[in-house]
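Every chain is numbered from 1 and lettered A, B, ... according to where its sequence line falls, protein lines coming before strand lines.
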There are 2 protein chains.
Amino acid sequence: MKPIISSLGIDRRALLSALAVLPTMSGSFLTTSARAQTAGSGDALASWNDGPAKQAIVDFVKATTVQGSPNFVPAEERIATFDQDGTLWVEHPMYSQVMYCLDRVPAVVAKKPELKNVEPFKTVMSGNREAMAKFTMKDLEMILAATLTGMSVEEFNAEVKKWIESAKDPRWKRLYTDLVYQPMLEVMRYLRDNGYKTYIVTGGGQDFVRVYSERVYGIPPEQVVGSAAGTKLGYDKDGKAFLTKEPKLLLNDDHAGKPEGIHMMIGRRPYAAFGNSVGDQQMLEWTGAGAGARLKMLVLHDDAKREYAYGPAQGLPNSKVGTFTPALYETAKKNSWTVISMKNDWKRIFAFE
Amino acid sequence: MKPIISSLGIDRRALLSALAVLPTMSGSFLTTSARAQTAGSGDALASWNDGPAKQAIVDFVKATTVQGSPNFVPAEERIATFDQDGTLWVEHPMYSQVMYCLDRVPAVVAKKPELKNVEPFKTVMSGNREAMAKFTMKDLEMILAATLTGMSVEEFNAEVKKWIESAKDPRWKRLYTDLVYQPMLEVMRYLRDNGYKTYIVTGGGQDFVRVYSERVYGIPPEQVVGSAAGTKLGYDKDGKAFLTKEPKLLLNDDHAGKPEGIHMMIGRRPYAAFGNSVGDQQMLEWTGAGAGARLKMLVLHDDAKREYAYGPAQGLPNSKVGTFTPALYETAKKNSWTVISMKNDWKRIFAFE
């Protein structure tokens with residue numbers, strides 16, 4: 001089961017300390033779905049301030065899509081990849097998918113009452129965050145396995161859909177899908193309008209993100225690459241075939257697993273790649289090693305007021321989750337990757353602002 | 001290394017007996033590429049005779065794409081999957097990819113002269129088919145590992161491209177890519193023209209098929225699902241990132257591995273699935289288990305004159321490679337899958353006829 005933990009990109013210590021400070025369970029019963037609004041047609045990147053980041057995007061699109069440009073890229077080769085947590089939506093203080101797993105525990109216990117008095121489920125049911133902060137790795141593995149595997153893919157999809165359309169972030173009291181970054185929605189649409197196929201390449205669960213990727217990001221499930229557990233074909237009593245999610249890791253889509261996963265799932269090297277942490281470094285390196293114009297961008301969380309501030313800029317502490325380390329900052333400078341300052345480059349962060 | 005053998009769907013005994021009868025190595029130096037011609041706009045399925053198979057295709061497309069139909073399928077959910085060997089092109093007497101591996105041995109030996117006197121490379125170099133027929137499983141594993149892994153993905157792609165544009169089938173003395181079935185090219189285009197996204201789902205190597213899928217089938221690399229070995233990220237002396245093909249199986253895309261691979265790579269259940277052997281049965285079962293109209297078709301090789309005859313019809317012997325067993329024939333009848341008779345349903349088999 002260990003791979004499932006790593007498939008979520010979870011650092012145990014970080015997870016536990018974050019659990020201790022989270023105010024409440026995030027479940028709610030609001031079922032309104034969130035469709036992030038996009039910029040008007042006047043300026044495709046309306047939520048971006050003029051500056052080097054916006055300029056890098058516009059220059060890249062011009063260089064690769066204007067016929068006759070020395071760096072012109074044929075339409076079918078235009079691939080852009082985006083990390084999700086911390087790049088497309090809020091990852092702090094805890095990945096939404098981990099919140100999902102914790103929120104699912106009551107339903108798992110309801111189905112298997114014998115778990116009610118068994119750890120770690122007993123502690124999760126108690127809501128005692130301090131006790132949860134003492135979970136061992138084995139406890140966490142049991143929670144993830146119980147909530148992410150052992151059901152049919154349709155059952156899993158239905159549960160995630162219900163949750164993502166109701167669960168709320170404790171700080172903003174809004175759906176997690178409201179917390180996508182408006183400037184990133186704009187850059188994805190801008191790239192698509194210029195013939196790019198946009199992919200999510202996440203360390204999070206592929207099946208999880210696929211449930212809402214089309215509605216929230218305009219990215220169909222088949223363009224979501226993520227950490228993936230295997231499935232197993234079985235037959236019901238009427239002989240109908242179905243797939244069950246298994247606790248067996250097929251793709252650990254983080255760090256070197258990102259370029260490896262892109263090769264496996266897409267088979268082409270991206271021309272543009274966006275990330276925000278050390279888990280994205282290898283994806284940007286591999287993108288940058290290709291010929292011609294390649295766009296490599298890192299989102300820096302330096303806006304404590306409108307979102308969060310963590311990372312290497314001005315000695316900010318690293319996030320509990322995604323880590324934009326000082327070493328990554330040096331790598332970005334050395335390779336001339338573009339760092340996006342949320343504070344300076346983004347006029348607006350969320351659509352609801 | 002064993003998984004690589006199984007990833008190619010190779011039955012050792014079948015491979016060896018086929019090797020013994022193959023007349024020559026298939027390499028040649030002709031570099032003309034083959035672009036299969038498609039039917040005129042008058043009849044999208046011009047190479048199909050009127051009959052139940054053609055009717056099933058037309059009925060399915062009508063049922064799923066005409067607005068207001070009770071079985072209407074939204075455009076974004078229209079997925080059709082096609083096995084390759086024996087379904088889209090000739091698989092008899094030997095999978096083209098195995099021919100590729102054998103043809104690559106001289107180049108591997110040229111690079112590593114120490115292999116010249118080492119078995120099994122020595123025997124392959126001798127051209128002695130009868131000796132090759134005595135290869136052990138370990139011999140075969142060594143050949144596949146030496147020719148399919150250990151190089152960068154770009155090197156592999158370049159080698160396959162060179163080969164597929166020059167190697168010829170011994171019977172027709174034509175490029176392997178000339179031996180695609182014209183009626184299947186038509187049905188793929190017909191489905192695409194009606195909003196379907198067409199995928200290849202092959203037991204063969206994903207990286208191998210991706211090299212020519214766009215040119216030959218109109219299917220981009222990212223829509224090829226196949227057996228896949230892992231890759232490993234490395235850095236060259238200038239610090240540039242690259243991926244090396246590793247002898248480690250990630251996806252064995254045959255039998256139950258087909259629906260599992262489809263879930264992993266696409267994340268949606270197909271509405272149409274085409275195959276020709278027991279390795280495709282589970283893909284058709286899983287497709288058929290979905291709600292609404294689902295098209296399940298099996299190509300039956302019953303045309304000894306124009307192509308080959310093997311399989312259960314009229315007591316024909318099974319192919320050395322793909323196997324359309326009597327049990328599969330029963331399964332098809334029981335589930336009302338449509339069996340395509342090459343002899344009766346196809347007016348023309350190849351574009352060059």
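- Scanning for side chain to side chain donor-acceptor pair (under 3.5 Å) contacts around A/R78 gives an empty result, with sequence neighbours left out.
- Heavy-atom pairs under 4.5 Å with chain A were tallied for B/E285, B/K240, B/R210; the largest tally goes to B/R210.
- A distance of 12.0 Å separates CD in A/Q223 from CD1 in B/I266, rounded to the nearest 0.5 Å.
- At least one side-chain heavy atom of A/E222 sits under 4.5 Å from a side-chain heavy atom of B/R268.
- The two residues A/A289 and B/A241 come nearest to each other via the heavy atoms CB-O, 3.4 Å.
- If you measure heavy-atom distances from A/Q206 to chain B, the contacts under 4.5 Å come from the side chain alone.
- Residue B/W286 holds its CH2 atom at 5.0 Å from CG of A/L243, rounded to the nearest 0.5 Å.
- Neither the backbone nor the side chain of A/D238 comes within contact range of chain B, judged by heavy atoms closer than 4.5 Å.
- The closest side-chain heavy-atom distance from B/D207 to A/H263 is below 4.5 Å.
- Looking at A/L251 and B/M264, their side chains come closer than 4.5 Å, going by heavy atoms from C-beta outward.
- Chosen from A/T231, A/V225, A/V153, A/L250, the residue pairing most often with chain B at heavy-atom distances under 4.5 Å is A/T231.
- Highest contact tally toward chain A, considering only B/K232, B/H255, B/E76, is held by B/K232 [criterion: heavy-atom pairs under 4.5 Å].
- Contact of A/Y235 with chain B is made through the side chain alone, with heavy-atom distances under 4.5 Å.
- In this structure, the side chain of A/E260 does not engage the main chain of B/G230 through any donor-acceptor pair within 3.5 Å.
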